[in-house]
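First the structure, in the form of structure tokens, and then the observations on it.
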Amino acid sequence: MAAKIISGTQIAKQIREELKAEVAEMKEKHGVTPGLVTILVGENPASVSYVTAKQRTAHDLGFHSIQDNQPEDISEADLLALIDKYNQDPAFHGILIQLPLPKHINEGKVIYAVNPDKDVDGFHPVNVGKMVVGEPCFLPCTPHGIMEMLIRSGVETSGAEVVVVGRSNIVGKPITNLLLQKREGGNATVTICHTRTRDMAFHTKRADILIVAAGQPKFITADMVKDGVVVIDVGVNRIGKTPEGKAILCGDVDFDAIKEKASAITPVPGGVGPMTITMLMKNTVQAAKQISGLA
Ligand code: GUN
């Protein structure tokens with residue numbers, strides 16, 4: 001039986017409509033316009049395309065939003081000073097520094113430099129710590145988006161065997177924490193696999209829900225999953241270009257083969273990607289409310 005396709009595009013559209021109405025009300029009743037700055041260092045093509053999509057969505061929702069492009073060779077000190085400028089600027093409630101950064105810049109220092117109240121990426125250790133103990137905080141956008149997809153698609157996580165492939169700070173570690181929590185979309189039994197896992201297929205075959213953020217095209221093949229699995233594919237791999245020069249994308253799972261075995265699966269593109277951007281918008285609205293005393 002072919003799997004149900006979990007469309008991030010559709011779910012994201014629904015959440016964006018909710019946000020658009022909320023933003024209009026904030027403006028009209030309280031004179032507050034959510035402000036977002038996205039900082040891009042250098043010209044990595046994937047990063048340029050992500051930041052452009054974030055800016056487009058922010059404008060569509062009625063945010064005050066700017067993109068601040070900085071040269072590849074900006075010094076760490078100058079980047080930290082720029083972040084501090086936005087920390088002080090009341091027009092911006094959210095600050096996002098697109099990762100990865102060039103090698104000469106210490107990513108940890110940059111993440112620490114963002115005011116946790118404006119950390120709409122949810123990467124600052126204050127927010128990470130709050131997330132782990134289950135306190136209200138900015139949740140990192142990709143795992144937050146995955147949780148929303150699971151909940152809004154009616155996927156039962158309570159008691160489920162969830163296997164996460166990938167242990168990054170952006171996806172693997174936070175999604176594991178969220179799935180463990182005693183809340184809607186949580187209560188799962190979670191295993192994390194990574195590059196040193198001895199027998200990957202042994203774990204992935206046990207999964208009721210498989211979340212893959214491995215960064216390798218078609219890393220998970222059909223023989224590595226069981227019938228009826230729910231697959232969330234976080235991978236975005238550029239595997240070529242169309243004659244018009246558009247990037248051809250594929251995920252970390254072999255979608256065509258696995259969709260015949262799975263009960264539900266996210267596509268690439270149109271799966272987790274639109275959800276990540278939407279959760280950034282949701283976090284920025286939340287930041288604007290908190291900073292303006294509306295929440
Ligand atoms: N690079 C890849 N994903 C992300 C993300 O969610 N936030 C930022 N800032 N950079 C990223």
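All ligand and atom numbering here is 1-based and tracks the order in the structure. Since this is a predicted model, take the numbers as computed values, not measurements.
- Annotation: atom 11 (C) of ligand 1 to nearest protein heavy atom, Gln98 NE2, 3.4 Å.
- Protein heavy atom closest to atom 3 (N) of ligand 1, with residue, atom name and distance, is Ile170 CD1, 4.2 Å.
- Counting all heavy atoms, side chain and backbone alike, Tyr112 lies closest to His124 at O-NE2, 3.3 Å.
- Considering backbone and side-chain N/O of Ile97, one or more are found under 3.5 Å from N/O of ligand 1.
- Among the atoms of Thr276, none of the N or O lies under 3.5 angstrom from an N or O of ligand 1.
- The nearest heavy-atom contact from the protein to atom 9 (N) of ligand 1 is Asp121 OD2, 2.6 Å.
- The side chain of Phe123, and not its backbone, has at least one atom closer than 4.0 Å to an atom of ligand 1 (non-hydrogen atoms only; side chain from C-beta on).
- Linking ILVMFWY residues whenever their side-chain heavy atoms come closer than 4.5 Å, directly or via other members, places Val114 and Val41 in the same cluster.
- A salt bridge does not link Lys282 with Glu148: every distance from a Lys NZ or Arg NE/NH1/NH2 to an Asp or Glu carboxylate oxygen is 4.0 Å or more.
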| task | Please step through ring pair (Phe, Tyr, Trp, His ring centres under 6.0 Å) for the pair Phe92 and His64, ending with a clear verdict. | result | CA-CA 8 Å; Phe92 295 101; His64 166 57; 5.0 Å; yes
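- In this model, a donor atom of one side chain and an acceptor atom of the other lie less than 3.5 Å apart for Ser49 and Arg238.
- At a heavy-atom cutoff of 4.0 Å, ligand 1 is contacted by both the backbone and the side chain of Leu99.
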| request: Report the C-alpha separation of Arg167 and Thr176 in whole Å, then their side-chain angles, then the decisive distance to 0.1 Å, and conclude whether the side-chain hydrogen bond (donor to acceptor under 3.5 Å, both in side chains) test is met. | output: CA-CA 9 Å; Arg167 57 178 156 182; Thr176 298; over 6 Å; no
